[in-house]
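See structure below.
Excluded from the calculations below are hydrogen atoms, water molecules and symmetry mates; all remaining heavy atoms, backbone and side chain alike, are included. Worth saying up front: this structure is predicted, and the values here are computed from it rather than measured.
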Amino acid sequence: MFQIIKVDQGIDAKLEFEISNIVKAAYERFNNQYDRSKYISDYLDERYGGCWRVTIGKSFTSCGTYYLSQLLRFSYQNDQIEIVRTQGDSEFEIIQRDQGMNQAVFDSILGIIQNAQQTQKNLSGQVEYISECVESKHTGKWAVICGYDFNSRVPYVNNNLVCVARKGIRYTVLMISK
């Protein structure tokens, strides 16, 4: 049932077995990828600490920094699943940041994302909150993409893109026009 695609040295056989059991339980309990990934992530966060990012999809690529060589990628029931331990619960995993992005704008966006997670109960509320806050504090027209599993190709103004993950959710914030 499980076909291992990649397993790092930080995932021992016992942890791999435990993850396979929690994935099976998630698939038995839930019918959608969001609830499955949240269930798995919450379980691993509680059991092992830190922040575990879980991505479930039919086909995707990922790039990022992860913690303690703890990455497991496998397929199960026609889905591709990636489970990664990131740096920590309150920290951001920086996936991409344009080098020319102003530090104050970058810090502001991270603060807005953190507030969105604390005050908004669902992803659509977070997107709306982030979009409104970024546009009220910074010039230009901004777009926000938020979710557990996505690839995006959106034209944007140079030096005005940041993509981060926090508590297992990926956020891309970019200026689409000045």
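At a threshold of 4.5 Å between non-hydrogen side-chain atoms, the residues Arg170 and Thr55 do not count as touching. Here the side chains of Trp52 and Arg47 are not in contact, with every heavy-atom distance at 4.5 Å or above. Using a 4.5 Å heavy-atom threshold, the side chains of Ile4 and Leu72 count as touching.
A 6.0 Å sphere centred on CD of Glu128 holds no more than 12 heavy atoms belonging to other residues, nucleotides or ligands.
The minimum heavy-atom distance linking Lys137 with Ser108 is given by the pair CD-OG, 3.9 Å. Counting all heavy atoms, side chain and backbone alike, Gln126 lies closest to Cys146 at OE1-SG, 4.3 Å. Of all heavy-atom pairs spanning Met175 and Trp142, the tightest one is N-CE3, 3.4 Å. What you find for Asn122 and Ser124 is that their closest heavy atoms are OD1-OG, 3.0 Å.
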Checklist entry - Where do Tyr171 and Ile112 land on the side chain to side chain contact (heavy atoms under 4.5 Å, CB included) test, with the steps shown first? => result CA-CA 11 Å; Tyr171 299 86; Ile112 290 167; over 6 Å; no

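A salt bridge links Arg53 with Glu82; the closest basic N to acidic carboxylate O contact falls under 4.0 Å.
Hydrophobic clustering of Ile, Leu, Val, Met, Phe, Trp and Tyr side chains at less than 4.5 Å, counting indirect connections, keeps Ile5 apart from Leu15.
Of the residues Ile113, Val127, Asn160, Leu161, the one that meets the side-chain contact (heavy atoms from CB on, under 4.5 Å) test with Val173 is Ile113.
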